[in-house]
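One structure is given here, and the rest of the page talks about it.
Every value quoted in this text rests on a predicted model; they were computed, and no experiment measured them. The figures that follow rest on heavy atoms only: side chains count, while hydrogens, waters and symmetry mates do not. Every chain is numbered from 1 and lettered A, B, ... according to where its sequence line falls, protein lines coming before strand lines.
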2 protein chains.
Amino acid sequence: MKTTNTTIKNLPAEQRRAVTVEAVIELAAEKNPASITTAEIAERMQLTQGALFRHFPNKDALWQSVMEWVTAQLLGRIDKVIATTESPLEALELMFAAHIDFVAKHPGAPRIMFAELQRPDPTAAKAIAQTMLRHYSDRVGKLLAKGMGEGIIDPDLDVAAASVMFIGMVQGLVMQSLIAGDITVMLGNAKPLFALYARSIKQRTHER
Amino acid sequence: MKTTNTTIKNLPAEQRRAVTVEAVIELAAEKNPASITTAEIAERMQLTQGALFRHFPNKDALWQSVMEWVTAQLLGRIDKVIATTESPLEALELMFAAHIDFVAKHPGAPRIMFAELQRPDPTAAKAIAQTMLRHYSDRVGKLLAKGMGEGIIDPDLDVAAASVMFIGMVQGLVMQSLIAGDITVMLGNAKPLFALYARSIKQRTHER
DNA sequence: GAAGATAGTAATTGATTACAATCTTTTAGA
DNA sequence: TCTAAAAGATTGTAATCAATTACTATCTTC
């Protein structure tokens, strides 16, 4: 007889890889992603260091898997909430909220993204990060363009600048939480921050 | 006889420390600050690795000097331009431009800042980064408050959110340049980005 | 319940790290 | 010009890194 396997050992390869990625995301929430060692990752999973290399050919491949996870998670959540509304402005707000919620749940994710983009050599993981952010910008740009077509958003808006500002807001909140040493401050500041953003892109109906 | 010493060797201690800090800033522009080694720093200065420890008791002290340099440079430049105008809105724009200009000249600086804030242990360098950013936020907050008093800036503005947005803009531009792999894109996007910011904080004179 | 396959362990590799001890060269001042 | 102090070179060390090895435990399936 044995109870449901809540233990940690002898997971099938696919599950083990998934658990490994989660462990990395967790560790990245606590320290600089660039200084995460394979020994630390293994320790977090109650595994020996060498066992990691049975599931990943090398450390770079592990980081690649991590980036793929972040990409799938973030873009997945975003596309999900965007689909729930027809209003581009509401979609942007939901998108922002979904992003902040994701980052609050996984503070390591944006740090990994940032650290990966800083790599000088063109690794696979870096390429994934770059295309991910391009997709992200596209989502924002599309919504802004739609809003301009509907007369909700200022037709003279600089879409590129507004996209940078959108991503910048998230980064700004991350930075603020790093200073405060507390992730939850993000959640409280998200709403007024988006209100500010909305003000900067909205059409002025009562302009002279 | 000897010409003016343009060579690299045998600098007086103070100058050597200054050159070392500059070398670190340069290296941080090219790779993740967390993975910069003392050997790399020494190589950049045409010096042996061991010689570094003649001028800094340990690596942490070196990072501390680097943070102090960044703090002095950034806050110095900002305070200089702020003092040139009485208009808080113009001051904010000059402050933003000065920051972007500084970051464009020293792309390693914001990376160092970000990397340092991510350190789990409370090092001296991290503390410097935190207080630096607090001072920065204070500058923005003061200018916003002044503008509100003068009726230029929306009296209902959420100052905290507007400060986060301000820092976020810089971060957003840094991120954009990381995706593009080109620092100069920042300079082109700075102006329209601030225009967007100004729109979100300005008083609406023709509000119903 | 053996057999083959899969997952994990423990020990070790060579490279790289921050840092230190000792020796040599350069500089500045009387 | 001589000398003491400062700056740098050389060599070395203990710790830590990613990765590999030879081996063992566990699961699955017939």
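Atom CG of A:L47 and atom C1' of D:dT26 are 14 Å apart (whole Å). For A:L62 and D:dC17, the CG to P distance is 15 Å, given to the nearest whole Å. Spacing between atom CG of B:L52 and atom C1' of C:dA20 amounts to 14 Å, rounded to whole angstrom units. In this structure, CD1 of B:I41 is placed 17 Å from P of C:dT16, rounded to the nearest angstrom. Atom CH2 of B:W63 is separated from atom P of C:dA18 by 11 Å (rounded to the nearest Å). Note: CE (A:M45) to C1' (C:dT9) measures 14 Å, nearest angstrom.
Annotation: salt bridge (Lys or Arg N to Asp or Glu O under 4.0 Å) contacts of B:R77 (sequence neighbours excluded): B:D101. Every residue meeting the salt bridge (Lys or Arg N to Asp or Glu O under 4.0 Å) condition with A:K31, not counting sequence neighbours, appears here in chain and number order: A:E40. For A:T38, the side chain to side chain contact (heavy atoms under 4.5 Å, CB included) partners at least two apart in sequence or on another chain are A:Q49, A:L52, A:F53, A:K59. Take B:D154 and apply the salt bridge (Lys or Arg N to Asp or Glu O under 4.0 Å) test, not counting sequence neighbours, and it matches A:R199. Under the rule for a ring pair (Phe, Tyr, Trp, His ring centres under 6.0 Å), the partners of B:Y136 that lie at least two apart in sequence or sit in another chain are B:H99.
Ion pairing between A:R111 and A:E30 fails under the 4.0 Å rule for side-chain N and carboxylate O.
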Tabulated below should be each protein N or O lying under 3.5 Å from an N or O of nucleotides 18-20 of chain D; please produce it.
unit_1 : atom_1 : unit_2 : atom_2 : d
D:dA18 : OP1    : A:T38  : N      : 3.4
D:dA18 : OP1    : A:K59  : NZ     : 2.6
D:dA18 : OP2    : A:T38  : N      : 2.9
D:dA18 : OP2    : A:T38  : OG1    : 2.8
D:dA18 : N7     : A:Q49  : NE2    : 3.4
D:dA19 : OP2    : A:K59  : N      : 2.8
D:dA19 : N7     : A:Q49  : OE1    : 3.4
D:dA19 : N7     : A:Q49  : NE2    : 2.8
D:dA19 : N6     : A:Q49  : OE1    : 2.6

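OP1 or OP2 of C:dG8 sits under 4.0 Å from a side-chain N or O of A:R16. Distances shown here put a side-chain N or O of A:H55 below 4.0 Å from the OP1 or OP2 atom of C:dG8.
Heavy-atom nearest nucleotides on DNA chain D were determined for A:S35 and for A:R54, and the one closer to the 5' end corresponds to A:S35.
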Could you pull out all donor-acceptor pairs under 3.5 Å where a side-chain atom in residues 183-195 of chain B meets a protein atom, sequence neighbours excluded?
unit_1 : atom_1 : unit_2 : atom_2 : d
B:T184 : OG1    : B:D182 : OD1    : 2.8
B:T184 : OG1    : B:D182 : OD2    : 2.9

Could you list the donor-acceptor pairs under 3.5 angstrom formed between side-chain atoms of residues 20-27 of chain B and any protein atom two or more places apart in sequence or on another chain?
unit_1 : atom_1 : unit_2 : atom_2 : d
B:T20  : OG1    : B:R16  : O      : 2.6
B:E26  : OE1    : B:R44  : NH1    : 3.1

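Of the inter-residue distances, the one linking B:E86 atom CD with B:E150 atom CD reads 7.5 Å to the nearest 0.5 angstrom.
Sorted by residue number, the list of members of residues 27-34 of chain A with any non-hydrogen atom under 4.0 Å from DNA chain C is empty.
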